[in-house]
A.B. asks: 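Take a look at the following structure, please.
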2 protein chains.
Amino acid sequence: MLELRLSQGVLLKKILESVKDLLSNVNFGCSSSEGLCLQSMDSSHVALVSLQLIPHSFEFFRCDRNLSMGINLTHLSRLLKCAGNDDVITMKADDRSPDTINLMFENPKHDRISDFEMKLMDIEAEHLQIPDTSYEATVTMPSQEFARICKDLSTIGDTVAISITKEGVKFSVSGAIGNANIICRHNISVVKPEESTIIDMKEPVTLSFPLRYLNSFTKATPLSNIVIVSMSHDLPMVVEYKISGAGHMRFYLAPKVEDDAMEA
Amino acid sequence: MLELRLSQGVLLKKILESVKDLLSNVNFGCSSSEGLCLQSMDSSHVALVSLQLIPHSFEFFRCDRNLSMGINLTHLSRLLKCAGNDDVITMKADDRSPDTINLMFENPKHDRISDFEMKLMDIEAEHLQIPDTSYEATVTMPSQEFARICKDLSTIGDTVAISITKEGVKFSVSGAIGNANIICRHNISVVKPEESTIIDMKEPVTLSFPLRYLNSFTKATPLSNIVIVSMSHDLPMVVEYKISGAGHMRFYLAPKVEDDAMEA
DNA sequence: TCAGGTGCAC
DNA sequence: GTGCACCTGA
């Protein structure tokens, strides 16, 4: 028996909004130790998405056996549009290779209960290596700031070079109409910590990434006020949104190598 | 002489917004006993629309003879877009088979007066039987709630089964991605009566309807905080919006018969 | 291509 | 709180 009761339905709604453009059919995993998890390459097999909602995120959490559920995210997203932001969401599934999942939305205010039965799919499991390294450089900054920068720069060019130095983080783009550099300097706000830009660095690092993917990642902005961007030479970057007390959403993206940059 | 002065012009604007997608050319009737009335089948001849604005709705009401005016709703809607929400609207027409109608919008705040003359049309009168029965089951609920449910469910499937039992009202849909049930339980709010869901039932009734039409009816949501849905076996349902102290807008829709349900 | 919803600015 | 503009889904 799987039963997950999430009092803030809006959380699941935001999560789906943030991944539905990147992924189509994915296996959600559930276990009593890890909670609800998802790891998947994006549809074009370039980026990797990793989501965890720890058991503690849920008002009620029961997962008798480790479970994998193949879910069409377009369909799930459509169902979740039927939930109000204030609804309590409960997911239920049978223990062993269920072929459907039940979603229940409770709106306490209007005494309204909606329940949905969604068909599950068979999705071939991917075996993913998620690197668990410490990074040479990390920047923590307001998530809206990061989203704004990625959006703005994508109007200038396709590829952004991100440089983390001890002074701050620099985003550079060049395109047909010219070049752009945006620098966010290390700056800690005591009054509003969530507005700080914090550099944590062993080595300065500069890597280039396709903005197209970063702009997909920033769909997760509503999940957290801050974003944590980590980079090391020749390793995929990580863009992480911590979900307050509930887990995280992480996106991994390989840097462009020199040759890529030239052909682009 | 016909002269109707409506101090809340916004009312007429809302009424037109709510029917213009369902109807195209209709005869408006006016009489000193009934006020301003409209009965018409929708363009596809499936649903029936019935509107009444009682004489008392109007700040000034004069209707010397019973009158029928053929109106192109697209045109009337376009004219009413020229009226502000706070405008006072006056309609005038000649007594006997007028071929035009005059509309005047007075904006007291800006001392602005607009007047329009619109051509009337000859529209063949339909002879409509509007059943005046008592219904086996009626649910009164917040109109926005009803609108939200119809909209949400139409993302899952085309046909909704509505069941009224003494516990509450259940909306059920099945579609390619799964099934959905939304239950609103009988629940009377003393503090906010307009948020109550009230079941009034002699017999439990379950009928199926095409969501497409319900979603047209809910365009009338701005007319009232609450909606009254009435059903009896083998009779058209009624979806009624009472216009506070001024009349009503009612929509009638025949249920799908079993065969319809199967072919769908 | 159009309409509806959402987020942002005033 | 309202209106505009952008963006997304049908």
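First the proteins, then the strands, lettered A, B, ... as listed; each starts at 1.
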A.B. asks: List, one per line, each side-chain donor-acceptor pair under 3.5 Å for residues 237-246 of chain A, sequence neighbours excluded.
C.D. replies:
residue, atom, partner, partner atom, Å
A:Glu240, OE1, A:Arg250, NE, 3.3
A:Glu240, OE2, A:Lys242, NZ, 3.2
A:Glu240, OE2, A:Arg250, NE, 3.4

A.B. asks: Once side-chain contact (heavy atoms from CB on, under 4.5 Å) is applied, do any residues pair with B:Ser114, and if so which ones, sequence neighbours excluded?
C.D. replies: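 B:Ser114 satisfies side-chain contact (heavy atoms from CB on, under 4.5 Å) with B:Phe105, B:Arg112, B:Phe116 only.
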A.B. asks: Extract all donor-acceptor atom pairs below 3.5 Å that involve side chains of residues 36-48 of chain A and protein atoms in other chains or at least two apart in sequence.
C.D. replies:
residue, atom, partner, partner atom, Å
A:Ser40, OG, A:Glu126, OE1, 3.4
A:Asp42, OD1, A:His45, N, 3.3
A:Asp42, OD1, A:Val46, N, 2.7
A:Asp42, OD1, A:Ala47, N, 2.7
A:Asp42, OD2, A:Ser44, N, 3.0
A:Asp42, OD2, A:Ser44, OG, 2.6
A:Ser43, OG, A:Leu22, O, 3.0
A:Ser44, OG, A:Tyr213, OH, 2.6

A.B. asks: Within the sub-3.5 Å range, which N or O atoms of nucleotides 3-10 of chain D have a protein N or O partner, and how far apart are they?
C.D. replies:
residue, atom, partner, partner atom, Å
D:dG9, OP1, A:Lys20, NZ, 2.4

A.B. asks: Using side-chain hydrogen bond (donor to acceptor under 3.5 Å, both in side chains) as the criterion, list what pairs up with A:Glu59, not counting sequence neighbours.
C.D. replies: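 Once residues adjacent in sequence are excluded, the partners of A:Glu59 under the side-chain hydrogen bond (donor to acceptor under 3.5 Å, both in side chains) criterion are A:Arg5.
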A.B. asks: Which residues pass the side-chain hydrogen bond (donor to acceptor under 3.5 Å, both in side chains) test with A:Ser57, sequence neighbours left out?
C.D. replies: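 So A:Ser57 forms no side-chain hydrogen bond (donor to acceptor under 3.5 Å, both in side chains) with any residue.
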